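Okay, so here's the structure we're looking at.
Remember, it's 1-based here, ligands and their atoms both numbered in the order they're listed. Since the model is a prediction, treat every value here as computed from it, not as a measurement.
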Amino acid sequence: MTEERTSLWGGRFAGGPAEALARLSVSVQFDWRLAPYDIAASRAHARVLAAAGLLDPDELGRMLAALDDLEAACASGEFRPTVDDEDVHTALERGLLERLGALGGKLRAGRSRNDQVATDLRMYLRDHARGVAGRLVELADALVEQAERHVDTPAPGMTHVQHAQPVSFGHWLLAHVQPLLRDLDRLRDWDARAAISPLGSGALAGSSLPLDPAAVAHELGFRAPAPNSMDAVADRDFVAEFLFVTALIGVHLSRLGEEVVLWTSTEFGWAELDDAFATGSSIMPQKKNADIAELARGKSGRLVGGLVAVLTMLKGLPLTYDRDMQEDKEPAFDAVDTLQLLLPALAGMISTMTVRVDRLVAAAPVGFSLATEVADWLVRRGVPFRDAHEITGRLVALCAARECELEDVTDDDLKTVSEHLDPSVREVLSVRSALAARTTFGSTGPGPVAEQLATVQHRLDSWREWAIETVVPR
Ligand code: ARG
C-alpha cells in the first residue's frame with residue numbers, strides 16, 4: 001500500500017496490489033454513479049451510529065455536514081474519483097477522510113461494502129425504474145395520440161405477415177400500448193420486491209454493534225430491512241428481475257420497430273416518418289431510413305444479453321458475497337441508459353409519423369381479407385361453420401382464378417358456388433361493415449376501440465405520478 005493511496009483494506013498485506021490486479025478489480029469507472037445513493041446511505045448509517053452512542057452529537061453534526069459537502073462536491077464535479085480509488089465506496093471514504101481526518105474513519109463501523117453495494121444498487125434501480133416508467137408513458141402517449149386519430153382508419157390485419165382480416169389501425173396501434181402497460185405493471189411489481197434494505201447485514205453476519213436496520217430502511221425509502229443478513233448480501237434477484245423487465249421492454253420495442261420498418265417501406269407505404277426522425281444515405285440521395293426503429297430492434301440484443309449475463313454470473317455462486325457480483329452493475333446501468341436513450345427517440349418518431357390513410361384504406365380488403373365475413377354470414381343462416389368455410393374457400397378459389405375481388409362475382413357465380421349463397425351476401429363484403437360488426441369487448445370495431453382508448457388513457461394517467469416519485473431522500 002502506497003502512502004497516498006486510500007484503500008479500504010491493506011493492514012494484513014505486505015505491499016500494494018499488482019498493477020494487473022488493480023486494473024481488473026477497479027469498478028469506480030462505472031459504479032461512480034452510485035455515489036449519491038452511497039452518501040444517502042452513509043447519512044442514515046451515521047445517525048444510527050449516533051443513536052447507538054458510537055458517535056457523539058458533535059461528531060454526528062460534523063459527519064453529516066461533511067457528507068453534505070461531499071455530496072455537493074460530487075454533484076459539481078469538484079470531487080472526482082481517481083485512478084487509485086478501487087470503487088465508489090473507496091472514493092467516498094477518501095473524500096470523507098479529506099474533510100474530517102480521523103473522524104471520517106468512524107463511519108465504516110458495522111458496515112461493509114457488501115451490504116452497502118447491495119443497498120446502493122437497489123436505491124439506484126428503484127429510482128431509475130421510475131425514470132424508465134416515465135419514458136414508457138411518453139411512448140405510450142405518442143401511440144395513443146396516433147390511435148385516437150385512426151380509430152376509424154381500416155388496415156389489413158395480418159397473421160404470418162399475410163392479409164388476414166380488416167382491423168382498425170387505431171386498434172393496431174393500441175396493441176403496441178398494451179404490452180407497455182404490462183411493462184409498467186411489471187416495474188411496479190418489481191419495485192415492491194426490491195424495496196428491502198440490506199444495510200445492517202454487514203459483510204454477511206449482521207453486526208455486534210447496536211445498529212437499527214429498520215430505522216435505516218425507513219430513512220432510505222425501503223419497506224423493511226432484510227430478514228436474513230446472508231441472503232441480503234448474496235441476493236441479486238432484484239437485478240436479474242429488473243433486467244428481465246428491461247429485456248422484455250426491449251423485445252416490445254423491437255417488435256414495434258420492426259413494424260415501423262415495414263410500414264415505411266415502399267412496398268407497404270402506410271406511414272411516412274418526419275424528416276427530424278429519419279436518416280438519409282451517404283450515397284443514395286433519395287433515401288429516407290427508419291434508423292430509430294432499426295436501433296430499437298437492434299438494441300433489444302444488448303437488453304436480453306444483460307439479463308443472460310447476470311443470470312449466468314449468479315448461477316453457481318456459493319453464499320454469500322462473491323466478487324463475481326461486481327459484474328451485476330454494468331448490465332443494469334446499460335439497460336437504464338439504453339432505454340433512456342431509445343424511448344424518447346421512439347416517442348418522437350411515433351408522434352410525428354404521418355399515417356397514409358389512403359394506402360391503408362386501399363390495402364384493407366386486399367387478399368380476400370373479407371372471406372371470414374362470408375363464412376360468418378353463412379353461419380348466421382344456419383350453415384355449419386365447417387361447410388361455410390368450404391363454400392367460402394371455393395368462392396375465394398374462383399376469384400383467385402379470375403383475378404377478381406369477392407364483390408366482383410356475379411349473382412350466377414354465387415349460385416354456382418353454393419345454393420346457400422345469394423346476392424344479399426354483398427352486405428357483408430365491405431371493410432366498413434366488417435369493422436362495424438365487431439362489437440364485442442376487446443375487438444376491433446369502432447365501439448370497443450373507443451372504449452379501449454378511454455381505458456388506456458385512464459390507466460396511463462395513473463402512471464404519471466409514480467413515474468416522478470422520488471424514492472431516495474436527498
Ligand atoms: N465493488 C464491489 C462490488 O461491486 C463492492 C463490494 C466489494 N466487496 C468485497 N468484499 N470486495 O461488488
Near Q326 (heavy-atom distance under 4.0 Å), the atoms of ligand 1 are 1 (N), 2 (C), 3 (C), 4 (O), 12 (O)

Give the ring-plane orientation class for W32 versus F79, where under 30° counts as parallel, over 60° as perpendicular and anything between as tilted. tilted

Test item, Q116 contacting ligand 1 (heavy atom, 4.0 angstrom): no

Atom 10 (N) of ligand 1: which protein heavy atom is closest, and how many Å away? N114 OD1, 3.1 Å

So which heavy atom in the protein is nearest atom 6 (C) of ligand 1, and how far is it from that ligand atom? Y321 OH, 3.4 Å

Before signing off on this row, confirm whether R323 and ligand 1 have an N or O atom pair separated by under 3.5 Å. no

Is the H128 ring parallel, tilted or perpendicular to the Y124 ring (thresholds 30°, 60°)? parallel

Ion pair R122/D235, N-O distance below 4.0 Å: yes

Is the shortest distance from a Lys or Arg side-chain nitrogen in E138 or R135 to a carboxylate oxygen in the other one below 4.0 Å? yes

Salt bridge or not for R464 and D141, using N-O below 4.0 Å? yes

Nearest neighbour in protein (non-hydrogen) for atom 11 (N) of ligand 1: R113 NH2, 3.8 Å

Can you tell whether the side chains of R459 and D185 come within less than 4.0 Å, N to carboxylate O? yes

Looking at D191 and R130, does any basic side-chain N land under 4.0 Å from a carboxylate oxygen? yes

Tell me which protein heavy atom sits closest to atom 4 (O) of ligand 1, plus the residue, atom name and distance to 0.1 Å. K329 NZ, 2.7 Å

Should you measure from each heavy atom of S27, which atoms of ligand 1 turn up under 4.0 Å away? 1 (N)

Atoms of ligand 1 less than 4.0 Å from D87 heavy atoms? 1 (N), 2 (C), 5 (C)

